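Notes follow the structure.
This one's a predicted model, so the numbers in the text were calculated from it and none came from an experiment. Below, chain A is the first sequence line, B the second, and so on; all start at residue 1.
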2 protein chains.
Amino acid sequence: MVIVEEQLKSMKQQMIAKGYKSTVQREATMRVLLEHERDHMSAEDVYMRVKERFPEIGLATVYRTLELLTELHLVEKMNFGDGVARFDLRSEGHEHMHHHMICSICGEVEEIQDDWLIELEQRVKREYGFNVSDHRLDFIGTFTSCKHGDCQRHGETA
Amino acid sequence: MVIVEEQLKSMKQQMIAKGYKSTVQREATMRVLLEHERDHMSAEDVYMRVKERFPEIGLATVYRTLELLTELHLVEKMNFGDGVARFDLRSEGHEHMHHHMICSICGEVEEIQDDWLIELEQRVKREYGFNVSDHRLDFIGTFTSCKHGDCQRHGETA
DNA sequence: TTTTAAATTAGAATGATTATAATTTAATAA
DNA sequence: TTATTAAATTATAATCATTCTAATTTAAAA
Ligand SMILES: [Zn+2]
Ligand SMILES: [Zn+2]
Ligand SMILES: [Zn+2]
Ligand SMILES: [Zn+2]
């Protein structure tokens, strides 16, 4: 886990390397994503956070920045079935997307950073002639702690 | 793979068992799903197919039926990132959702019916105290056949 | 056959996301 | 540094998938 400033610098460099401009709005948006790395925020969530420090930013700019970051493979646009897209930072140095555990009691989303699919991807190649470049793996279920009622987020929406 | 009529009967029974009514609109919708088992259709797609045989049906009814089938765990509502929900029949006798291979050249979606995640789910339980009740696994990549240009669906949207 | 809650219909409303046109700005080079 | 220009931003309108609403119809139970 690198410090935010360092990751921000790296993201800006990648943006410039691909011919995109570095703007204060984009920087503010990236900073919010970095500071909420595990939060799976919607565009609206990100917008509200950015607005706290940069009140004149427009919603469309946030949308476009998130789209751009997705295109640059810095961010993954995910849909967990609640009608909004959520934006998830891709971990530096990880070729493939991380996995998720989604609690069906409270909606909490936790991450598994290790790539557990290396072997299965060889199998996909062998058995189906399909060359995997990325993946998405979500586990749906319950944390033992949630089942016992001591769930921090019981009742919240997501 | 059972015959359509048989599966339809089973789905109707499950619907009635849970206290829902069996209607011609619901039957027509289920029939379309069964006849396009591997197609990953949007609600609009399903609506158009149902309309061919039942022109007076309304779009909202199709939406509500798909929602109901999702609730009954007969269908899975999936989002592949193109802005529409797609509805995928859950295979009879399979506790967990099947896996997908999504071709990034042509958008074709193919299914893997075997459950490849049994061991990983034990690991999730062991390492995170998370009890898995279902999962979603998509592989993104290319079929060897697509990479060589003989891709049937090259250029189509999805 | 009557009753009644559930389901359907058509159309309006919602809400997330995208497009538009005018204005501003980052990056390049004189 | 200043001028140039394409790219980015803003505010707002438009789009489009999905959901809601009120009136009407229907499936199932009595
Ligand atoms: Zn994540
Ligand atoms: Zn929980
Ligand atoms: Zn499928
Ligand atoms: Zn293909």
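- The side chain of B:Y63 contributes an N or O atom lying less than 4.0 Å from OP1 or OP2 of D:dT18.
- Annotation: ring pair (Phe, Tyr, Trp, His ring centres under 6.0 Å) contacts of A:F87 (sequence neighbours excluded): none.
- Of the residues in residues 42-58 of chain A, not one places a heavy atom less than 4.0 Å from an atom of DNA chain C.
- In this structure, the CD atom of A:E67 is 15 Å from the C1' atom of D:dA8, given to the nearest Å.
- A distance-only check finds no donor-acceptor pair linking the side chain of A:H36 to the backbone of A:L34 [under 3.5 Å].
- A search for salt bridge (charged side-chain N to carboxylate O under 4.0 Å, His left out) contacts involving B:D134 returns B:R90, not counting sequence neighbours.
- Taken over five-pair windows at either terminus, the axes of the helix from C:dT1-D:dA30 to C:dA30-D:dT1 are inclined to one another by 40° (rounded to 10 degrees).
- In this view, A:E44 satisfies the salt bridge (charged side-chain N to carboxylate O under 4.0 Å, His left out) rule with no residue, not counting sequence neighbours.
- Toward the 5' end of DNA chain C, the nearer of the two residues B:T61 and A:I16, judged by each one's closest nucleotide, is B:T61.
- The nearest whole Å value for the distance from the CZ atom in B:R26 to the P atom in C:dT9 is 11 Å.
- B:E127 pairs by the side-chain contact (heavy atoms from CB on, under 4.5 Å) definition with A:W116, B:R123, not counting sequence neighbours.
- Taking the salt bridge (charged side-chain N to carboxylate O under 4.0 Å, His left out) definition, one finds that A:K21 meets it with nothing, sequence neighbours left out.
- Separating the CD atom of B:E27 from the P atom of D:dA28 is a distance of 11 Å, rounded to the nearest angstrom.
- Taking the ring pair (Phe, Tyr, Trp, His ring centres under 6.0 Å) definition, one finds that A:H98 meets it with A:H100, sequence neighbours left out.
- B:E35 pairs by the salt bridge (charged side-chain N to carboxylate O under 4.0 Å, His left out) definition with B:R53, not counting sequence neighbours.
- By the side-chain contact (heavy atoms from CB on, under 4.5 Å) test, B:K51 pairs with B:Y47, B:I57, sequence neighbours left out.
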If you restrict it to nitrogen or oxygen atoms, what contacts under 3.5 Å exist between nucleotides 19-25 of chain C and the protein, and what is each distance?
none

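- Listed by first then second residue, pairs satisfying ring pair (Phe, Tyr, Trp, His ring centres under 6.0 Å) with a partner in residues 48-74 of chain A number zero, not counting sequence neighbours.
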